[in-house]
Amino acid sequence: MFPLADIQKTIINAKKSAFYHEHFADVNPADINSLEDFRKLKFTEKEDLRRAYPLGLSAVPDEKVVRIHSSSGTTGTPVIIPYTKKDVDDWAIMFKRCYQTAGLTEKDRIHITPGYGLWTAGIGFQLGAELLGAMAIPMGPGNTDKQLQMMIDMKSTALCATSSYALLIAEEIEKRGIRDKIHLRKGVIGSERWGEKMRRRIADELGVELYDIYGLTEIYGPGIGINCGHQSAMHIWTDYIYCEIINPATGEVLPDGESGELVITTLKKEGAPLIRYRTHDLTRIVPGKCECGLDYMRIDAIIGRSDDMVKIRGTILYPSRVDELLSSIADVSSEYQIMIDHLNGKDILTLFFETNLGQAQYHGIEKTVEKMFKDTIGVIPKAKAVSIGELPRSEKKTTRIFDNRY
Ligand code: ZN
């Protein structure tokens, strides 16, 4: 269903910001009266938002802004997102829904490891936990000794983390043999694409059910959607946001079921409304109704980013395909790193992967991985085995592909 009234209101509000006043200079909100009209509006890119630094996105008077967040600018100027009191409240409502969809209640003790601060992560997990009435344990990242001690002493029942940090914690619990002292029953994992093998390892080693939470700082933060117990697709809170899937190369809107890039329009946001914002996350809208009965549309687990696709010797390489491939090979872990270099006029791809085999068997497993790569992806890497735990785990997002060609 196309939420025309909410979208018209959003365009009127957005044009009060210096950014949209200029970006939509030739758009008259009165002319947007149908889905077709809406689809003619130009996209908003993260690069555009950078130009609005510091507060050019704000669509309300300064006294209505109660907080700002900033998206992690890996390069260049950060993006500042202002929030009104209502925006903060709406975010908490969405986050509480996520926890409820994951089966958490006020009896749970929610161990929050994502960072607090300019980044939206930790504080979103906190807001939702408090609104739910659960006990929030605001750890933030790092200091694994203390994390584990608190997890034992406070009897934490739910772990909130990125997938790589959840993996690190799972490995530490295993290594220290303290599994019987851990009370976790659920894991709420956010902000990273992860493969099935990693998911199984975390779930098995922690003994928990895992849920993927979705979100991005530009659109509230984590908590705008989560998967239910029935399948891996995520329900999106469509009373707050409107989703489209586009062909990343042409911008054309794709029918439900087809994979492409997710584009989001906010429907209720006051501080920084965004219209047709390109997330660069690749997914698809899952058609039909979910067995769980929730009446919110679903998007599939994120398969990668349109700006992460790497082209090597004419073949497009998606990180998600590497995940899938490695998870099908015995004795190989979910962790890997890819280096792409250009030497003597040729692209060279080096793949580091972890294995639980001994060094004497490295050569054999390297040849197996190289052959599987050639057969399924069409590119032959130089495969290099390392032992489990040797590749970096990060508390934030783990970078797996390093393109050194440019
Ligand atoms: Zn469902």
Side-chain angles (χ1 to χ4, degrees), residues 162-164 166-167 170-171 187 189-205 210-214 227 230-234 245 248 257-262 279-286 298-340 347 349-357 364-386 388 391-394 397-403:
T162 60
S163 51
S164 42
L167 178 63
E171 288 173 341
I189 308 297
S191 85
E192 233 179 347
R193 183 189 47 72
W194 48 327
E196 193 45 40
K197 192 163 206 167
M198 186 165 182
R199 163 181 281 277
R200 271 204 311 274
R201 270 185 76 202
I202 297 170
D204 292 350
E205 289 187 17
L210 291 178
Y211 293 84
D212 282 318
I213 199 157
Y214 182 66
N227 67 299
H230 281 261
Q231 29 71 53
S232 59
M234 298 178 284
I245 301 289
E258 278 186 36
S259 295
E261 179 184 325
L262 179 65
T279 66
H280 290 275
D281 284 333
L282 298 172
T283 180
R284 66 185 190 108
I285 290 174
V286 179
R298 292 165 295 161
I299 59 168
D300 232 334
I302 307 297
I303 58 165
R305 290 183 52 77
S306 56
D307 37 16
D308 268 1
M309 306 185 302
V310 242
K311 208 166 173 189
I312 175 149
R313 298 175 218 150
T315 303
I316 290 180
L317 182 69
Y318 288 99
S320 59
R321 293 208 61 201
V322 181
D323 291 342
E324 261 170 51
L325 177 73
L326 292 179
S327 66
S328 68
I329 307 175
D331 301 315
V332 172
S333 100
S334 52
E335 297 303 295
Y336 68 88
Q337 265 189 6
I338 286 177
M339 305 281 171
I340 305 170
D347 289 337
L349 187 150
T350 312
L351 167 75
F352 294 89
F353 64 95
E354 294 184 347
T355 175
N356 53 16
L357 297 173
I365 190 77
E366 285 166 355
K367 290 296 146 207
T368 305
V369 169
E370 285 174 4
K371 177 160 192 325
M372 296 278 286
F373 243 78
K374 177 174 178 251
D375 293 348
T376 58
I377 295 178
V379 176
I380 311 177
K382 177 96 194 97
K384 290 202 182 288
V386 299
I388 302 275
L391 294 175
R393 271 82 169 137
S394 145
K397 298 185 188 190
T398 302
T399 307
R400 298 181 198 280
I401 298 187
F402 297 86
D403 194 342

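- No side-chain heavy atom of T376 sits under 4.5 Å from any side-chain heavy atom of S328.
- For the pair R201 (side chain) and L167 (backbone), a donor-acceptor distance under 3.5 Å is absent.
- Between P392 and E335, the closest heavy-atom pair is O-OE1, 4.3 Å.
- Summarising the geometry of V286 relative to I299, their closest heavy-atom pair is CG2-C, 4.1 Å, with the distance given to 0.1 Å.
- When atom types are taken as modelled, the side chain of N227 and the backbone of D212 share a donor-acceptor pair closer than 3.5 angstrom.
- In this structure, CD1 in I329 is found 5.5 Å from CG in L326, a value given to the nearest 0.5 Å.
- Judged purely by atom type and a 3.5 angstrom limit, T283 has no side-chain atom pairing as donor or acceptor with the backbone of I302.
- Between K384 atom NZ and L351 atom CG the span is 11.0 Å, to the nearest 0.5 Å.
- Side-chain contact between M198 and S327 is absent, with no heavy-atom pair separated by less than 4.5 Å.
- Counting heavy atoms from C-beta on, the side chains of L325 and Y336 never come closer than 4.5 Å.
- Between T279 and E261 the shortest heavy-atom distance is N-OE2, 3.8 Å.
- A side-chain contact (heavy atoms from CB on, under 4.5 Å) with L357 holds for exactly one of I388, V332, I365; it is I365.
- Closest approach of I380 to K374, counting heavy atoms only: CD1-CD, 3.5 Å.
- Judged as a side-chain contact (heavy atoms from CB on, under 4.5 Å), and not counting sequence neighbours, the contacts of A383 are F353, E366, V369, E370.
- Between atom CG of residue D403 and atom CG of residue L349 there is a gap of 9.5 Å, rounded to the nearest 0.5 Å.
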Apply the test side-chain contact (heavy atoms from CB on, under 4.5 Å) to residues L317 and I338: give CA-CA distance (whole Å), side-chain angles for both, the deciding distance (0.1 Å), then the verdict. CA-CA 11 Å; L317 182 69; I338 286 177; 4.2 Å; yes

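- Within the 4.5 Å cutoff, the side chain of R199 has no heavy atoms near those of the I189 side chain.
- Scanning both residues, T355 and A385, for their nearest heavy atoms gives CG2-CB, 3.9 Å.
- In terms of heavy atoms, M234 sits closest to A301 at CE-CA, 4.2 Å.
- The closest donor-acceptor contact from the side chain of T350 to the backbone of K382 lies at 3.5 Å or more, if one exists at all.
- D347 is not listed as a side-chain neighbour of V379, based on a closest heavy-atom distance of 4.5 Å or more.
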